[in-house]
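Worksheet: the structure to be examined is printed underneath.
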Amino acid sequence: MRARDVVFVDGVRTPFGRSGPKGIYAETRADDLVVRVIRELLRRNPSLPPERVGEVAVAATTQIGDQGLTIGRSAAILAGLPVSVPGYAIDRMCAGAMTAVTTVAGTVALGAADIAIAGGVEHMGRHPMGEGVDPNPRFLSEHLVDESALFMGMTAENLHDRFPAITKDRADAYALASQQKVAAAYAAGRIQPDLVPMAVRTKELGWGWASVDEPPRPETTLDGLRALKTPFRPHGRVTAGNSSGINDGATGCIIAAEEVAEQLGLSAKMRLVDFSFAGVEPEVMGVGPVPATEKLLARNNLTMDDIGLIEINEAFAVQVLAFLDHFKIEADDPRVNPWGGAIALGHPLASSGVRLMIQLAAQFAEHPEVRYGMATMCVGMGMGGTVLWERV
């Protein structure tokens, strides 16, 4: 038996919304967001026979209500895929969609399926992070983790403590740059091609059309960021402005064996090289991408100089800066999040991993000189994940 090469064929996502009663998806079901994504993937790739999809893996961090019922299977049925197509749900918190991709990639590489759909969804307006969770008291009574590990904003403050060179001013400056890069990418029409417009409804306005991301704030200024409150610690350094928001949205992509994609006439936007997940102390979960990336680079005899594109999830500015400082990369390095990131676009938890890959695939098309690119992110409960891709 030989492992087959695996490629990223196509990826789409809904526009991301702001969570809450005034957000664009306040009256929209989470599973309907996933259904819209699956249907759009099939529409955009008409040479893919639906019955050839061998698996549907969909991630959600809070797997209850309209994000439960083995959402990969239920969304596949709702999207009109043949009942013969199986599916399942995945949870690795923020890295859910990333793990959905790496999991189905293993399935495809081994030949258990030729083609799979992988993605993620999070409707944080309907299901706040931690809803229904019952942490085992031994975590604290036996000092297995620090109490702050259960509160993501506090873990970001802990990172500021661990790396005092990452000041609030640096975090705010990075956050401003993210907003500016997203605004520039929108103005250039780079983000819109992979957005799936979504019909939405509110009691006040009736039916509407969500066609752009709701979270970006292009009017952001450095003075405005400096004036924001620090909700996680008095006189702290983490604010709503230098963190990702609380958001709703869904992502999805087609993963296939390269030889099968060629046979069916499907595009291959990038090829999977390797992936790595690593654990760190949960109270400083934001540093997780560092060991995950180190493992990946070492296993492939690469250095960061070999990586031409870096998509890192901006859960918090301090977390991104900790990664960049470790690898001696400047915050304004053009390889890093050239179209901005989650601080501006939003971070609907389990969906974000595929959003990184969608942007990475589009950037490969713009940079024919680049061979390797990576998507990396921190993960709640003290983990990091990194996926290495290469030009086809």
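- At least one donor-acceptor pair closer than 3.5 Å links the side chain of Q192 to the backbone N or O of Y186.
- Considering only heavy atoms from C-beta on, L150 stays 4.5 Å or farther from F139 through its side chain.
- For R233, the CZ atom is densely surrounded, since the number of other residues' heavy atoms within 6.0 Å is greater than 12.
- Under a cut-off of 6.0 angstrom, the local environment of CD1 in I246 is sparse, with at most 12 non-hydrogen atoms contributed by other residues, nucleotides or ligands.
- Other residues, nucleotides and ligands contribute only 12 or fewer heavy atoms inside 6.0 Å of the CD atom of E147.
- The two residues C378 and C94 have their closest heavy-atom pair at O-CB, 3.7 Å.
- Using a 3.5 Å distance cut-off with no hydrogens or angles, the side chains of D223 and T221 do not pair a donor with an acceptor.
- The environment of CD in E330 is sparse: at most 12 heavy-atom neighbours from other residues, nucleotides or ligands sit within 6.0 Å.
- Atom CZ of R170 sits about 11.0 Å away from atom CZ of F163, to the nearest 0.5 Å.
- Side-chain contact between M124 and T61: absent, with no pair of heavy atoms (C-beta onward) separated by less than 4.5 Å.
- Side-chain contact check for N300 versus V273: some heavy-atom pair is nearer than 4.5 Å.
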Legend entry - Chi angles and distances behind the side-chain contact (heavy atoms from CB on, under 4.5 Å) call for H347, F16: CA-CA 8 Å; H347 175 29; F16 289 168; over 6 Å; no
Inset, instruction - Go through the steps for N337 and E311 under the test side-chain contact (heavy atoms from CB on, under 4.5 Å), then give the verdict. - result: CA-CA 5 Å; N337 291 6; E311 278 291 322; 3.6 Å; yes
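- Nearest heavy atoms, L264 versus S47: O-OG, 3.0 Å.
- Residue L360 comes nearest to G373 through the heavy atom pair CD2-C, 3.9 Å, listed as atom of the first residue, atom of the second, then distance.
- Screening N313, T251, I310, V387 against L356 for a side-chain contact (heavy atoms from CB on, under 4.5 Å) leaves a single residue, N313.
- Separation of atoms CD (E281) and OG1 (T155) is listed at 12.0 Å; rounding is to 0.5 Å.
- Residues I71 and S74 are in side-chain contact: their nearest non-hydrogen atoms beyond the backbone lie under 4.5 Å apart.
- Scanning all heavy atoms of the two residues, the minimum distance from P289 to T386 falls at O-OG1, 3.9 Å.
- Side-chain contact check for E314 and S178: at least one donor-acceptor pair (N or O, by modelled atom type) lies under 3.5 Å.
- Considering only heavy atoms from C-beta on, E258 comes within 4.5 Å of V392 through its side chain.
- The two residues G236 and E157 come nearest to each other via the heavy atoms CA-OE2, 3.3 Å.
- Partner L195 forms a side-chain contact (heavy atoms from CB on, under 4.5 Å) with one of T14, V12, D213 and no other, that one being D213.
- R52 CZ to L81 CG: the interatomic distance, rounded to the nearest 0.5 Å, is 14.0 Å.
- The CD1 atom of I117 sits 7.0 Å away from atom CG of L48, with the distance rounded to the nearest 0.5 Å.
- Judged by distance alone, the side chain of T102 and the main-chain N or O of T99 form a donor-acceptor pair under 3.5 Å.
- Side-chain contact between M357 and M270 is present, with heavy atoms from C-beta onward closer than 4.5 Å.
- Side-chain contact check for E390 versus L272: every heavy-atom pair is 4.5 Å or farther apart.
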Legend entry - From CA spacing to verdict: side-chain contact (heavy atoms from CB on, under 4.5 Å), E131, Q67: CA-CA 12 Å; E131 181 185 13; Q67 292 181 177; over 6 Å; no
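- Between the CD1 atom in I191 and the CD1 atom in I358 there is a gap of 11.0 Å [rounded to 0.5 Å].
- Rounded to the nearest 0.5 Å, atoms NE2 (H326) and CG (L321) are 14.5 Å apart.
- Here the side chains of F275 and V101 are not in contact, with every heavy-atom distance at 4.5 Å or above.
- A donor-acceptor pair under 3.5 Å links the side-chain atoms of H123 to the main chain of T28, judged by distance alone.
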Inset, instruction - Test F316 against R237 for side-chain contact (heavy atoms from CB on, under 4.5 Å), laying out the working first. - result: CA-CA 11 Å; F316 300 94; R237 291 145 293 190; over 6 Å; no
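- Classification of D194 and R44 as a salt-bridged pair holds, one side-chain N sitting under 4.0 Å from a carboxylate O.
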Inset, instruction - Check the pair D248 / R126 against salt bridge (charged side-chain N to carboxylate O under 4.0 Å, His left out), numbers first and verdict last. - result: CA-CA 9 Å; D248 310 327; R126 284 174 172 257; over 6 Å; no
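- F364 and R371 make their closest contact through CE2-O, 3.6 Å (heavy atoms, listed as atom of the first residue, atom of the second, distance).
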